[in-house]
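Along the sequence shown, residues are numbered consecutively beginning with 1. Both counts, for ligands and for their atoms, begin at 1 and track the order of listing. What you see is a predicted model; the values in this text were computed from it and never measured.
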Amino acid sequence: MATVPAGTLYVVATPIGNLGDLSARGREVLSQVAAICAEDTRHTRQMLSAYGMEKPLLAVHEHNEAEIAWRLVERLRGGESLALVSDAGTPLVSDPGYRLVREVRAAGLKVSPVPGACAAIAALSVAGIPSDRFCFEGFLPAKGSARRERLQSLARETRTLVFYESGHRIQESLADFINVFGPGREAVLARELTKLFETLLGDTLADIASRVDADENQRRGEFVLVVRGCEDDAAAALLEGRRLYEKLKAHLAPSQAAKLAAELSGAPRKSLYGGPGPADGE
Ligand code: SAM
């Protein structure tokens, strides 16, 4: 392959587990650039050594990205080419890098992608849930109340939803998904993709939660949750009605809150006030 052109920032995807997933071009670019900007230099040094490579590494993470971007721009202007990698997968996808990319582009310099692994896309590609339109939501807020609020704002979304989650929060997150989206919503939990213990669990949020609760191994590792969008207007109205009811009942008597929420959402009043759990029949 030809030598990489001068003055370019390459954004290089690295494996999300299986080292065989670094592309031939990714390898080539990493071996030819003057230096590699890495989220965690120790981690990247280990990855490079697995490929028999050694390179000058520059720490570029969310805390220093904005302030060192201009120095990197100067190096690119001087004719050096650089690569940007994150710990795993595609940089900028729930990872640092957008500020650097923005600065480099604003300086009129070239930014070029070297595509490859991305956990969200890998999960979507095996979930068997409609993938023609989807929303990537990344990580939900860590705090329970903020997480439930975010989920409530997404409950009526008709496109497939893709979330990242870590092992220590997977159980409480699944419980919140069930509360807000209903236990019957179709979903696939993709764990440890491309690694030894790769697992896909489905077919509904309730099925997934019971498997995760029953087996602590299913709580280990890294996760992508793919959730089918809200499928019909009645289910959407019910979800919106419940969201409004929860908000309004802090200020009104429950019966009044239910009446107003029903009027605003189009959901039957009875389904909001004293009815069954959220969206059971969805
Ligand atoms: N930039 C990465 C990408 O392209 O997917 C994502 C980085 S984000 C900080 C890390 C999260 O991605 C993990 O907490 C997990 O939710 C997801 N993830 C990464 N590798 C994974 C894998 N092998 N299997 C399942 N999920 C994974």
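A salt bridge between Glu74 and Arg71 is absent, with no side-chain N of the basic residue lying under 4.0 Å from a carboxylate O of the acidic one. With respect to Glu172 and Arg147, a salt bridge is recorded, a charged nitrogen being found less than 4.0 Å from a carboxylate O. With respect to Glu246 and Arg242, no salt bridge is recorded, no charged nitrogen being found less than 4.0 Å from a carboxylate O.
Residue-to-ligand polar distances place Phe223 within reach of ligand 1: an N/O pair is separated by less than 3.5 Å. Between Asp95 and ligand 1, an N or O atom pair is found at a separation short of 3.5 Å. Considering backbone and side-chain N/O atoms, Leu193 comes within less than 3.5 Å of an N/O atom of ligand 1. The distance criterion of under 3.5 Å between nitrogen or oxygen atoms is not met by Pro91 with respect to ligand 1. Residue Ser166 has no N or O atom closer than 3.5 Å to an N or O atom of ligand 1. Every N/O-N/O distance between Ser94 and ligand 1 stays at or above 3.5 Å. Considering both main-chain and side-chain atoms, Arg191 never comes within under 3.5 Å of ligand 1 through any nitrogen or oxygen pair. In terms of polar-atom proximity, defined here as any N/O pair under 3.5 Å, Ala120 makes no such contact with ligand 1. Backbone and side-chain nitrogen or oxygen atoms of Val93 are examined, and one is located within less than 3.5 angstrom of a nitrogen or oxygen of ligand 1.
Around the CZ atom of Phe139, the shell of radius 6.0 Å holds more than 12 heavy atoms that belong to other residues, nucleotides or ligands.
A cation-pi contact, defined as under 6.0 Å to the ring centre and within 45° of the axis, links Arg185 to Phe181.
Annotation for ligand 1: atoms under 4.0 Å from non-hydrogen atoms of Gly89 are 3 (C), 4 (O). Shown in contact with Glu192 at under 4.0 Å from a heavy atom are these atoms of ligand 1, numbered in order with element: 23 (N), 24 (N), 25 (C).
Ring to ring, Phe136 and Tyr164 are close: their centroids are under 6.0 angstrom apart.
From the protein, the heavy atom lying nearest to atom 4 (O) of ligand 1 is Thr90 N, 2.8 Å. If you check which protein heavy atom lies closest to atom 18 (N) of ligand 1, you get Ala119 CB, 3.4 Å. For atom 25 (C) of ligand 1, the closest non-hydrogen atom on the protein side is Glu222 O, 3.2 Å. Protein heavy atom at the shortest distance from atom 26 (N) of ligand 1 is Val224 CG2, 3.4 Å.
Interatomic distance, CZ of Arg269 versus CD of Glu263, reported as 10.5 Å (0.5 Å rounding).
Using a 4.0 angstrom heavy-atom cutoff, Thr194 does not count as in contact with ligand 1. Taking 4.0 Å as the cut-off, Ala88 counts as a neighbour of ligand 1 on heavy-atom distance. Ligand 1 lies nowhere less than 4.0 angstrom from a heavy atom belonging to Phe163.
Val73 and Tyr98 fall within the same hydrophobic cluster, where Ile, Leu, Val, Met, Phe, Trp and Tyr residues are linked whenever their side-chain heavy atoms come under 4.5 Å apart, directly or through other members. Each of Leu82 and Leu57 belongs to its own hydrophobic cluster when Ile, Leu, Val, Met, Phe, Trp and Tyr are linked at side-chain heavy-atom distances under 4.5 angstrom.
The option with the heavy atom closest to atom 5 (O) of ligand 1, from among Tyr164, Phe139, Phe136, is Tyr164.
The side chain of Lys195, and not its backbone, has at least one atom closer than 4.0 Å to an atom of ligand 1 (non-hydrogen atoms only; side chain from C-beta on).
Screening Ile170, Val162, Leu174 for a side chain to side chain contact (heavy atoms under 4.5 Å, CB included) involving Leu225 leaves a single residue, Leu174.
When the salt bridge (charged side-chain N to carboxylate O under 4.0 Å, His left out) test is applied to Glu186, the partners found at least two apart in sequence or on another chain are Arg228. Glu216 meets the side chain to side chain donor-acceptor pair (under 3.5 Å) test with Arg220; sequence neighbours excluded.
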